Enquirer: 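Just passing along the structure, written as structure tokens.
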Amino acid sequence: MLPLLSLLISLVTLVVARSSTGTDVLVIVSAEEQKDYTLFFEDLEGRGYDLFFREPKAEKPVLLDADVPQFHHVLMLASDTKAFASDITPQNIVELLTKNVNVVVALSPKQNLFYTLAPEFGLVPPPPGTPLISYFPERTDPPTVLPVHVAPGPIVTPNTPPVWFSGIPFSVGNSPLLVPILNAPSESFASDSDSTTESIVESVEKGGEGLWAGSSLGLVTGFQVTDGGRALFLGGGAILSDAFANKALPDGSSSGNKQIAHDVSAWAFQESLVLRIDETSHHVVNATEPKEYYTTNDQVVYTTKISRWNAKENEWEPHTGVDDLQLEFTMLDPHVRTGIPEDLARPGTYSVTFRAPDRHGVFKFIVDYRRKGWTHLKSAITVPVVPPRHDGYPRFLSAAWPYYAGAVSTSVGFVLFAALYLAGETKEAGKKKKE
Amino acid sequence: MATAYTLPDISPTAVKNTASLVRIVALALISGAAIASRLFAVINFESIIHEFDPWFNYRATKVLASQGFYEFWNWFDPTAWYPLGRVVGGTVYPGLMATSGVIYNVLHKLNLPVDIRNICVLLAPGFSALTAWATYMFTKEMKDASAGLLAAAFIGITPGYISRSVAGSYDNEAIAIFLLMFTFFLWIKAVKLGSALYGSLAALFYFYMVAAWGGYAFITNMIPVHALTLMLMGRYSSRLYVAYCSWYAIGTLSSMQVPFVGFQPVRTSEHMGALGVFGLLQIVAFAQLARAHMSSKQFKDLLFYSVIGIGLIGAGGFVGLTYMGWIAPWTGRFYSLWDTGYAKKYIPIIASVSEHQPTAWPSFFMDLQLLIFLFPAGVILCFRELRDEHVFVIIYALVGSYFAGVMVRLMLTLTPCVCVSAAVAFSSLLDTYLDPAKPEVPVVEETAPATASKPAATATATGTSAIDDVVNAAKKSGKRGIFDLDTRLIIVFNAFCMLSFFVLHCTWVTSNAYSSPSVVLASQNQDGSQHIIDDFREAYYWLRQNTPETSVVMSWWDYGYQIAGMADRPTLVDNNTWNNTHIATVGKAMASTEEVAYPILRKHDVEYVLVIFGGLIGYSGDDINKFLWMVRISQGVWPDEIQEPNYFTPQGEYRVDDRASATMKNSLMYKMSYYRFAELFGGSKQAMDRVRNQRLPTVSPTLDYLDEAFTSENWIVRIYQVKKEDPLGRDLKSANAFTDGKKRKRSKPVSRRRAIM
Amino acid sequence: MLLLGPLLFLAAAVNAAGITLQSPRLAVTASDGETLRSEPLSLRHKALADVTLNAKDTLKITFQAYDSENSKGFQPQQTFLRFYDRASGEEGIQPLRVTPSGKVKFELNMARPPASLPATTEGAPVTVSLILGHPGFTPLHAPLFDLVLPASQPVPVHPEEHLYHVRPAIEHTFRPDPKQPPRFISAVTAALVFAPWVVLAGLWSTISPKVPRLFSPSIIPFTATLAAFEVLLVWYWVALRLGDVLLYGSVLGLATVFTGKQALSSMARRRLSK
Amino acid sequence: MAPKSTSSKATTVSPSSNPVLALWKSYNEQTPDRLRFIDAFLVFLMLTGVIQFVYCVLVTNFPFNAFLAGFSSTVGQFVLTASLRSQVDPENKNEFKEVSPERAFADFAFGSIVLHFFVFNFLG
Amino acid sequence: MHWLPALLLPLLVLAKDPQLELAELAEKGNGVIKLTPNTFELLTSSNRNWSAAIQLTALDKRRRCEPCKNFDPSWNEVAQAWHKVPKAERDNHFFATLDFDDGQATFQKLGLSSAPAVYIYSATDGPHAPASGRFGPHKYDFSSGFEAGPLAEQLSRHTPIPIPYSEPFNWGKLLTSIAGVVSFLSLLRWVGPFLQNKWVWAAGTIFTSLVMTSGYMFTQIRGVPFTGPNGSWVAAGYQNMYGQEVQVISLIYGTLALSFLMLTAVVPYQTSPGRQRVQVYLWTFVIMLVYSVLIALFKVKNRGYPFRLFL
């Protein structure tokens with residue numbers, strides 16, 4: 001899309017924008033599927049996003065122009081599509097993510113390029129054509145459409161009712177960058193509906209293609225790219241669809257799909273759980289200016305200011321109440337690791353005082369705060385720690401008094417001796433010579 | 001009186017004045033020659049700092065000149081030995097920098113805005129002139145002015161000294177040799193006169209020496225040995241006491257003012273000899289005093305018991321203190337001079353330095369040509385009239401020749417002594433054959449040395465031997481001299497030829513062997529014209545201009561100083577090899593696979609890795625040839641991770657072609673050296689390594705964790721950039737596979753249960 | 001989910017065809033074939049006593065799946081055993097092989113445990129439950145019993161996992177400051193150092209050197225300059241910098257040389273005049 | 001040694017059994033006052049040094065540089081003074097041909113000043 | 001306990017357990033198995049539950065292999081040391097020696113061009129097989145010399161238990177040194193005057209410095225052979241030399257120095273002009289000749305050297 005346009009839009013929408021990164025969303029979805037998500041799209045637009053739609057096979061608008069991302073967020077709902085336009089490749093999607101673009105990917109039982117994308121994030125989808133099946137709870141719907149209980153977590157609003165899901169599960173790797181949001185019910189498993197017990201049993205045996213079953217599988221999983229954007233993997237796009245949003249649960253109550261759609265998109269588009277370090281400073285106790293060098297055993301004060309994105313107010317606000325922030329003073333290995341308590345006087349500022357190690361070298365103040373679901377906070381400031389200057393050592397120590405006395409008295413003695421010697425008569429010497 | 005040839009009759013005073021004038025002129029000319037012959041480097045190449053260490057000295061000097069002495073003293077260099085940093089003030093011999101700093105300031109006071117670099121480049125030649133003068137003074141004490149002039153000429157142009165003092169080799173030795181000779185001169189003077197003034201002066205110059213060069217330990221041990229020998233020869237005198245005590249008392253205290261030396265003079269074995277002799281002198285002096293007041297009988301047993309007793313106490317105390325760890329035993333570097341196998345086994349870093357290799361005879365001849373065989377003759381002559389100062393030269397000759405044999409670099413300490421004694425020999429030859437007196441008439445100037453030597457000779461040589469008889473008999477007969485003119489002429493002519501040959505030799509050696517500033521290389525084109533290979537500076541300036549100030553560069557330690565000096569970037573290790581583990585770490589990174597090396601690189605914040613590769617144009621001093629040392633050094637620290645044999649073929653050959661061992665091929669160093677090397681040759685016909693003379697495999701190694709950043713014109717310097725971790729947390733190998741569009745093999749949910757064995 | 005299962009099952013049991021089990025049994029046999037335990041299972045409630053399996057034991061579960069309508073064995077599509085560790089949340093799903101007649105004979109041999117078994121910690125039991133499901137049937141999820149398995153290796157964690165939690169604090173241990181002796185002792189010794197002056201005075205008084213020329217004009221300047229030098233040096237120790245002291249020193253040095261020449265030559269004259 | 005002094009020795013020394021006493025006796029008898037004046041100073045320096053050394057050994061050597069400075073100032077002064085003594089000793093006249101007593105004192109003064117410079121530089 | 005089956009096996013099967021066989025062999029050659037090609041195959045058989053260290057050497061006179069002779073004793077010492085460990089462990093590692101003349105084929109198979117060499121084969125199965133799966137042969141590197149100490153230390157990495165080798169205290173050295181001191185002191189009376197003669201010292205000094213300046217230390221430290229393989233005694237190359245060169249060069253230097261001395265110290269004392277002249281010419285000639293020889297030698301070492309004298 002035209003940069004000018006994007007600029008214009010970003011200017012216009014600056015007021016109502018809710019994401020911390022931007023408002024332009026590219027939705028890659030086929031025309032017929034597009035109708036299934038009207039509610040979701042309305043919700044997004046209501047939150048100030050500008051949606052740009054693109055057919056999976058269409059060439060425009062491009063994701064990247066000369067390696068510059070053209071959108072702030074990309075929504076890949078074209079899950080059933082097999083072939084995509086040339087610029088929609090796993091590599092490009094990863095590149096987008098590293099450039100702080102947020103990507104939502106909906107998978108489906110149909111194999112497509114996302115099947116090669118997901119494993120890069122440690123998410124392994126089941127063999128193609130094997131949707132998630134569950135006979136629990138007994139209901140009239142087909143077994144591939146199932147209500148899933150929402151486990152409490154940082155991302156989804158607490159006690160959200162169960163949500164309808166239809167799609168595939170994927171096994172979730174142990175990478176700490178992964179954020180499980182919605183997991184499969186323990187009775188569910190991935191299989192094509194006409195599979196028999198034999199085939200299922202064989203799948204787990206040696207050489208089988210494996211069994212995707214149980215509550216350890218992910219249905220909706222987030223991924224926080226290191227200093228980059230956020231990726232959200234949906235087992236199936238349907239979870240965002242109008243159909244499921246309006247569909248009542250077996251017990252008649254309304255489903256949580258609307259809610260979860262809102263929450264996960266908010267997380268994925270960096271509205272929620274977004275932190276940043278505003279500033280860090282360091283100086284010696286009762287000084288204000290940072291020193292170029294610190295001397296060993298200095299009392300050093302390290303201060304950092306953390307703020308959090310407030311999507312409602314659409315602004316960065318001081319982030320209070322972090323009690324597990326830690327500072328490392330590192331040369332090769334951390335020499336000091338201490339918690340940084342919050343400075344209650346100034347909200348959002350955290351400050352700690354510690355004694356510099358008695359060992360010189362090039363040290364680094366390192367704050368590396370990572371919590372699942374949150375953006376990572378990383379700050380490293382290099383500062384040399386030097387030994388005291390030649391005149392930096394204590395002088396006139398009591399222990400050395402005798403030595404000072406010795407030196408002085410020798411000098412005095414020398415002067416006196418010289419005076420008397422010079423003044424003395426040289427006669428005796430002469431006499432001795434004579435005798 | 002009858003003379004071999006007619007002498008113009010000139011008044012003795014006139015002769016004296018002319019002689020002194022000639023002497024001054026000669027000295028001036030010698031200084032000129034000394035300086036001139038060291039300028040080949042500037043003429044052939046340019047006014048540039050040479051080699052490795054000089055680059056650090058130059059950098060330090062700039063700091064000193066720009067920020068003043070106190071700042072220099074407290075200078076902490078965070079870019080060296082990253083991230084350990086280096087307390088430069090406390091780990092250098094500041095004498096060199098201080099000297100050029102002073103010169104710089106003086107010149108600027110005189111409104112002569114000279115660039116500090118030129119001062120540094122020309123410091124060594126300047127001081128070589130002073131060395132010539134000092135040698136002159138020293139030799140004058142040995143024999144006479146004419147010998148002195150010869151010695152000055154010798155030291156002025158002998159390659160053995162030029163090799164370390166050409167223009168641009170801005171190293172401690174540049175000024176140290178002058179200080180060495182001058183301190184010795186003052187010492188000899190002090191012993192001769194028994195003057196505390198000369199003793200104190202010797203101490204002052206000793207202090208300068210300590211501030212200038214680690215080799216001061218040579219003085220610290222030479223002077224005590226001399227004093228001790230004199231005492232053993234029964235030549236103790238109050239003069240010796242005065243000279244030694246004033247030197248030691250002031251010298252030791254002053255030497256401890258140098259931060260780098262610190263308390264060593266009272267804490268380490270290298271310095272204990274001097275202390276012991278000092279103590280011994282006190283005892284003997286007291287004994288002498290006592291003797292003046294007692295009958296010899298009483299004196300004898302008192303002296304005997306006291307000396308024995310105190311000697312025992314002293315020895316016991318020394319042992320005890322060493323045992324308690326108060327006195328450090330010999331440091332490795334020093335110890336390796338005695339136990340020559342020691343270094344290779346325990347301190348490979350030292351053994352790896354080329355100038356620490358033993359000396360084969362050709363380098364002796366190369367450096368000293370005819371002096372090397374005149375030198376024994378001179379020593380014999382010293383024995384003939386065995387005055388105190390001659391004893392000094394003899395000891396020097398003995399010790400010096402041993403050290404020079406053990407280490408190439410110590411040739412430097414031998415050279416002055418060789419020059420002196422050679423000069424003595426040569427000039428006494430000329431004296432004999434130029435002396436106009438004919439033997440018929442009783443010889444008028446029975447030369448001073450002869451007379452002076454008689455008592456000495458008789459005093460010492462109590463036991464008589466045949467040689468003594470010969471010499472003394474000859475002396476008795478008194479008829480000494482040359483009868484005929486032709487013999488005189490042939491000898492003089494002969495001597496003249498030899499000297500001129502010496503000059504030719506020195507000029508040739510200096511211009512061809514010792515004037516290359518290894519930063520810039522020279523090669524001959526087909527038409528014989530000189531072609532300058534400037535890859536090093538090309539690469540260093542690339543770093544300086546294309547990388548951020550703070551990006552850390554890893555390379556083998558040889559290039560640390562140059563990178564710091566020319567590229568101005570932090571380095572992991574440099575030529576000041578004080579931290580074995582850190583160097584071993586670099587060695588390990590170079591010697592192990594990418595996967596192993598990568599964490600090390602990241603931990604040390606390395607952003608660029610620099611390797612020297614000579615395979616393309618046949619530059620033999622490259623890193624592949626130094627690789628085994630890296631392996632050895634890191635093996636010393638991680639014996640079970642790095643093992644030298646794995647880098648050889650099963651037949652025990654060191655190969656880089658397709659027969660090279662797997663460990664070798666996977667090592668980071670190998671990969672960085674030969675990355676894209678085969679492509680350069682179009683892949684079809686195999687790439688040829690001109691240094692190893694081996695054909696490389698047609699497929700060159702691949703790199704997953706590094707990116708090639710820069711390769712210099714002749715591929716001598718190759719710089720690689722270290723990749724960042726993958727933002728998706730994959731290992732870079734699979735990340736690369738993904739970007740290259742390689743399919744990842746399908747995986748399935750894995751069992752999380754691992755049974756306990 | 002656990003609580004949900006049985007609840008729904010009860011709710012649904014009324015309207016659709018259900019699955020029931022015929023003669024479900026469990027048996028535990030040791031490696032030498034000795035039967036340690038053998039008892040019928042119930043779908044209604046969990047077995048009271050935990051079942052314990054040792055390293056070489058074998059757990060055997062047998063039953064036949066029945067269609068509750070026409071009460072004949074059939075083959076449900078989903079016949080899973082679920083092992084669930086409530087403490088760690090680890091879960092393993094083991095599909096069971098069912099004969100067309102619905103017969104199930106499952107053997108869990110701890111010598112060769114199946115891949116589906118979850119990682120277990122010492123003493124913590126895993127709940128074993130049976131999951132039966134088939135299109136058109138009321139599904140069944142029945143907890144059978146708690147199973148105590150030998151502990152396994154802990155679940156492998158990602159090398160960077162620890163960065164996502166609070167890490168242990170690190171204190172730097174400082175070198176102890178050099179200890180100072182009590183000032184009193186130092187003071188006394190300092191005083192003691194001056195004691196030899198007494199001796200000196202005594203000795204000199206015995207010798208009683210004649211000092212006729214103490215204030216003679218030729219001597220006194222030399223003495224003064226020497227004294228000045230010492231003062232300068234002490235001053236250097238207290239306050240001055242090196243540069244200053246070298247400057248003053250050089251000036252003073254010249255003076256001293258001059259005065260020294262005066263004094264000493266005068267002395268020499270006197271001496272030789274003798 | 002000059003033959004003269006030995007001869008005088010032979011005459012003056014009483015046949016005392018204890019060599020030390022004899023030593024002391026003959027010392028007092030035949031040392032010129034000027035030398036004894038110097039010797040007194042030597043004794044003073046020695047005592048000063050010994051006290052410092054004892055303090056260093058028994059109590060603390062913590063500012064080691066201070067100790068070295070103080071101690072070596074006494075030692076250095078001692079040896080310089082001893083040199084002066086032997087140079088002005090008339091008995092050593094023939095040993096020091098070039099060094100007249102005045103020259104000796106000049107050397108002594110020079111040495112001492114240099115020594116004290118380093119001492120105070122090192123005192124910390 | 002791993003050796004139990006090893007001991008019981010022969011009773012069960014008729015075929016002799018190779019391990020036992022080897023153990024007996026080792027017993028015979030007390031500690032070191034004297035290998036033949038067959039036993040070599042047996043020892044290094046592909047599935048072995050023992051490890052082995054094999055010294056490949058050429059001790060025969062005709063081979064003129066100095067290093068082999070130097071290394072052999074320390075090898076045997078270490079083997080002895082290993083022989084001391086309890087049989088349980090001992091039979092899991094064998095020391096063996098294969099001489100070139102017994103197994104030329106084997107040498108060729110291993111592609112060995114130089115001796116001595118030590119190959120270490122670690123066990124391929126059984127409890128002692130290395131986890132790394134690198135069964136060798138590992139080649140022992142002689143970078144730390146031929147001494148027994150480092151050998152034992154490095155081999156211990158491959159043996160089931162460390163080799164209990166301890167440097168034998170060198171009584172001989174101590175005694176000889178003591179004896180030397182004593183005899184010196186006792187002889188002092190007669191040696192004394194000799195020692196007080198300065199010309200003795202002069203001779204000593206001159207000799208030392210001559211030897212040193214002719215590169216003696218180089219030959220010592222590098223341990224270069226006395227002459228080249230093909231009898232040539234001048235090593236090619238600037239930084240390289242043979243033992244014999246030291247003698248030749250120091251002789252040359254000595255001669256030159258001597259003739260200078262003669263010209264300076266002896267010739268002038270001649271009483272008759274004739275004899276003096278003869279001597280002067282003689283010594284001058286000697287100097288010219290020997291000096292030219294020296295230059296010629298130097299040209300051999302340093303090809304680029306442009307100057308030459310009469311030859």
Side-chain angles (χ1 to χ4, degrees), chain B residues 340-341 345 358-366 372-377 379-381 383-384 386 394 397-398 401-402 404-406 425 428-429 432 460-463 465 467-468 471 474 477 479-484 486-487 490-491 494 501 504-505 508 512 632 640 644-645 648 650-652, chain E residues 111-114 117 138-141 143-145 157 193-194 196-199 201-202 205-206 208-210 212-218 220-222 238-241 245-246 249 252-254 256-257 260-261 263-265 268-269 271 273 276-277 280-281 284 287 294 298 301-302 304 306-307:
Chain B
T340 47
K345 235 179 273 176
T359 321
W361 76 266
S363 22
F364 276 102
F365 187 79
M366 182 91 156
I372 196 63
F373 57 79
L374 283 177
F375 158 64
V379 173
I380 290 281
L381 290 177
F383 266 105
R384 200 158 119 211
L386 200 57
I394 289 162
L398 208 54
S401 47
Y402 171 76
V406 174
S428 39
L429 178 77
T432 321
T460 53
T462 48
S465 83
I467 315 158
D468 260 337
V471 179
S477 73
K479 289 208 168 39
R480 182 178 184 287
I482 306 304
F483 294 90
D484 312 296
D486 57 344
T487 46
I490 185 172
I491 293 295
N494 191 352
F501 182 20
L504 286 178
H505 172 90
W508 179 79
N512 292 354
R632 279 181 203 131
D640 38 10
E644 189 176 351
F648 290 96
Q651 292 73 31
Chain E
L112 261 186
S113 50
S114 66
H138 314 276
K139 200 162 186 290
Y140 173 75
D141 68 328
S143 60
S144 48
R157 291 213 209 99
F194 191 61
Q196 285 174 4
N197 178 348
K198 65 178 178 181
W199 293 112
W201 291 96
T205 315
I206 296 307
T208 321
S209 51
L210 276 181
M212 289 301 166
T213 48
S214 346
Y216 174 71
M217 288 318 287
F218 183 90
Q220 283 305 298
I221 295 173
R222 290 290 167 80
Y238 179 69
Q239 265 302 342
N240 188 15
M241 57 187 285
E245 288 179 55
V246 176
I249 297 300
I252 291 180
Y253 288 170
L256 286 165
F260 266 90
L261 275 176
L263 285 172
T264 320
Y269 295 110
T271 44
Q276 189 178 59
R277 173 179 287 110
V280 167
Y281 281 102
T284 314
I287 291 178
L294 180 57
F298 184 68
K301 303 293 270 187
N302 183 351
F307 309 112

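Protein chains get the first letters and strands the later ones, always in sequence-line order, with residue 1 at the start of each. Keep in mind that this is a model prediction, so the values were computed, not measured.
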Enquirer: Using non-hydrogen atoms and a 4.5 Å limit, figure out which bit of B:I491 sits close to chain E: side chain, backbone, both or neither.
Expert: side chain
Enquirer: What part of B:I490 is in contact with chain E, defined as an atom under 4.5 angstrom from a non-hydrogen atom: side chain, backbone, both or neither?
Expert: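 Only the side chain of B:I490 comes within 4.5 Å of chain E.
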Enquirer: Please work out which of the three classes, parallel, tilted or perpendicular, describes the rings of E:F307 and B:F501, given edges at 30° and 60°.
Expert: perpendicular
Enquirer: How far apart are the closest heavy atoms of B:A377 and E:F260, and which atoms are they?
Expert: CB-CB, 4.4 Å
Enquirer: Roughly how far, to the nearest 0.5 Å, is the CG atom of E:L256 from the CG atom of B:L374?
Expert: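 That separation rounds to 8.5 Å.
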Enquirer: I need the minimum non-hydrogen distance between E:K198 and B:R384, along with the two atoms involved.
Expert: NZ-O, 2.7 Å
Enquirer: Which bit of E:I249 is near chain B, if near means a heavy-atom gap under 4.5 Å: side chain, backbone, both or neither?
Expert: side chain
Enquirer: Compare all side-chain heavy atoms of E:T208 with those of B:S401 and state whether any distance is below 4.5 angstrom.
Expert: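 Heavy-atom side-chain distance check fails, nothing below 4.5 Å.
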Enquirer: Which pair of heavy atoms, one from B:G405 and one from E:M217, lies closest together, and at what distance?
Expert: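 Closest pair (atom of B:G405, atom of E:M217, distance): O-CB, 3.5 Å.
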Enquirer: Counting only heavy atoms not in B:W508, do more than 12 sit closer than 6.0 Å to its CH2 atom?
Expert: yes
Enquirer: Heavy-atom pairs under 4.5 Å with chain E - which of B:I380, B:L381, B:T432 has more of them than the others?
Expert: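 Between B:I380, B:L381, B:T432, the count favours B:I380.
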Enquirer: Could you measure the distance from the CD1 atom of E:I252 to the CZ atom of B:F365? Nearest 0.5 Å is fine.
Expert: 9.5 Å
Enquirer: Nearest 0.5 Å, what's the CZ-CH2 distance between E:F298 and B:W361?
Expert: 7.0 Å
Enquirer: For E:Q239 versus B:P358, what's the shortest heavy-atom pair and its separation?
Expert: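 Nearest pair, atom of E:Q239 first, then B:P358: OE1-O, 4.0 Å.
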Enquirer: Just verifying a value: how many Å separate B:T359 OG1 and E:M241 CE, rounded to the nearest 0.5 Å?
Expert: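 If we round to the nearest 0.5 Å, B:T359:OG1 and E:M241:CE are 10.0 Å apart.
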Enquirer: In terms of heavy-atom proximity below 4.5 Å to chain B, should E:I287 be classed as side chain, backbone, both, or neither?
Expert: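 Interface part for E:I287: side chain.
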Enquirer: For B:F375, check ring pair (Phe, Tyr, Trp, His ring centres under 6.0 Å) against everything at least two apart and list the hits.
Expert: none
Enquirer: Find the distance between CZ (B:F383) and CD1 (E:I206) and round it off to the nearest 0.5 Å.
Expert: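 These two atoms lie 7.0 Å from each other.
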Enquirer: Relative to chain B, which of E:T264, E:V246, E:T284, E:N240 shows the most heavy atom pairs under 4.5 Å?
Expert: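 Ranked by contacts with chain B, first place is E:T264.
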Enquirer: When heavy-atom pairs shorter than 4.5 Å are enumerated against chain E, which of B:A404, B:A397, B:S363, B:S428 gives the highest number?
Expert: B:S363
Enquirer: Looking at E:Q276 and B:G481, what are the two nearest heavy atoms and their distance?
Expert: NE2-O, 2.8 Å
Enquirer: What part of E:Y281 gets within 4.5 angstrom of chain B, counting heavy atoms only: side chain, backbone, both, or neither?
Expert: side chain
Enquirer: Report which part of B:F364 has an atom under 4.5 Å of a heavy atom belonging to chain E: side chain, backbone, both, or neither.
Expert: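 Looking at B:F364, just its side chain touches chain E.
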Enquirer: More than 12 non-hydrogen atoms from neighbouring residues, nucleotides or ligands closer than 6.0 Å to OH on E:Y216, yes or no?
Expert: no
Enquirer: To the nearest 0.5 Å, what is the distance between CD1 on B:I372 and CG on E:L294?
Expert: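 B:I372 atom CD1 to E:L294 atom CG measures 10.5 Å (nearest 0.5 Å).
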Enquirer: Pick whichever of E:N302, E:L210, E:L261 has the most heavy-atom pairs under 4.5 Å with chain B.
Expert: E:L261
Enquirer: Go through E:A117, E:A257, E:A202 and name the one with the most non-hydrogen pairs under 4.5 angstrom from chain B.
Expert: E:A202
